[in-house]
Amino acid sequence: DELWDYARLTGIAGLYRRAQTHVLNQKGIAAIHAKKLGKRYEDLNLIVCHIGGGISVTAHEKGKMVDTNDILNGDGPMAPTRTGSIPAVDMIHLSFSGKTEKELMKFVRSQGGLSDHLGTFDAREVVERIKNGDIYAKNVYDAMIYQIGKYAGSMYAAMNCQLDGIVFTGGMAHDTYLVDR
């Protein structure tokens, strides 16, 4: 956990953001990218986007992961199986709607995102549905892609716009529909 101290704070005293992310994959792919550039990971500022069943977008400053979204607890972009960030007040209302804590945790951690909207967490299936004219599938997938870009942009700003590159990794990094957008 290498987060900046101020990256941990939230608007509620005692409630902190945590660095629950794809650490090993992120560090590994950042080091490989640095080597391809003929540089050391410790000399670069990168944004690494792990785009798989969970999506983590992380600011890497000179070899440290200084800010990221908490993929496990509902922070960051919507993902194939996770809700990502959702409006707090709406979540409070939902928690008093008769849904159990266990049901809500499943939405946040394993049954939200593409899965809840489209009944599948397989991005290949979603892209095929888009090719076949499914407008709702396109809107949902484009929303997820938009959110990935929005979080990457926030990490760029957090690093004072001092960036050496953005790196994609994870299974969906091979999806040309997603990467092109």
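No experiment lies behind these values; they were computed from the predicted model shown.
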State, yes or no, whether a side-chain contact exists between [X] and [Y] at a heavy-atom distance under 4.5 Å.
X      : Y      : value
Tyr16  : Leu9   : yes
His60  : Leu44  : no
Phe107 : Met91  : no
Thr169 : His50  : yes
Asp175 : Val179 : no
Ile51  : Cys49  : yes
Arg129 : Thr120 : yes
Asp134 : Lys138 : no

Residue pairs passing the salt bridge (charged side-chain N to carboxylate O under 4.0 Å, His left out) test where at least one lies in residues 74-84, sequence neighbours excluded: Arg17-Asp75
By side chain to side chain contact (heavy atoms under 4.5 Å, CB included) - contacts of Leu72 (at least two apart): Gln20, Asp70, Arg109
Qualifying residues under side chain to side chain contact (heavy atoms under 4.5 Å, CB included), relative to Ala123, sequence neighbours excluded: Tyr141, Met172
Using a 3.5 Å distance criterion without hydrogens, assess whether the side chain of [X] forms a donor-acceptor pair with backbone atoms of [Y].
X     : Y      : value
Asn45 : Asp164 : no
Thr58 : Met65  : no
Ser56 : Ile71  : no
Lys62 : Asp43  : yes
Gln26 : Val48  : yes

Output the distance between atom [atom1] ([X]) and atom [atom2] ([Y]), rounded to the nearest 0.5 Å.
X      : Y      : atom1 : atom2 : result
Ser110 : Asp116 : OG    : CG    : 10.5 Å
Asp90  : Ser97  : CG    : OG    : 11.5 Å
Asn73  : Thr83  : CG    : OG1   : 10.0 Å

Listed pairs under 3.5 Å, donor-acceptor, residues 145-152 side chains, sequence neighbours left out:
residue	atom	partner	partner atom	Å
Gln147	OE1	Met78	N	2.7
Tyr151	OH	Ser85	OG	2.7

So which atom in [X] and which in [Y] form the shortest heavy-atom distance, rounded to 0.1 Å?
X      : Y      : answer
Val66  : Ala7   : O-CB, 3.8 Å
Leu163 : Met159 : CD1-CE, 3.4 Å
Ala158 : Trp4   : O-CH2, 3.5 Å
Leu46  : Ala30  : CD1-CB, 3.9 Å
Ala79  : Gly53  : CB-O, 3.5 Å
Val57  : Pro77  : CG2-CG, 4.1 Å

Option among Lys64, Arg18, Arg8 that satisfies the salt bridge (charged side-chain N to carboxylate O under 4.0 Å, His left out) test with Asp1: Arg8
Above 12 or not: heavy atoms from other molecules or residues under 6.0 Å from [atom1] of [X]?
X      : atom1 : answer
Ile12  : CD1   : no
Arg181 : CZ    : yes
Phe121 : CZ    : no

Establish whether [X] and [Y] are linked, either directly or via other cluster members, by ILVMFWY side-chain heavy-atom contacts under 4.5 Å.
X      : Y      : answer
Ile130 : Leu114 : yes
Met144 : Ile166 : yes
Tyr6   : Met155 : yes
Tyr156 : Phe168 : yes
Ile55  : Val140 : yes

Geometric class of the Tyr136/His117 ring pair [parallel <30°, tilted 30-60°, perpendicular >60°]: tilted
Residue list, side-chain hydrogen bond (donor to acceptor under 3.5 Å, both in side chains) with Glu2, at least two apart or on another chain: Lys27
Side-chain hydrophobic cluster, 4.5 Å single linkage: members besides Ile92: Phe96
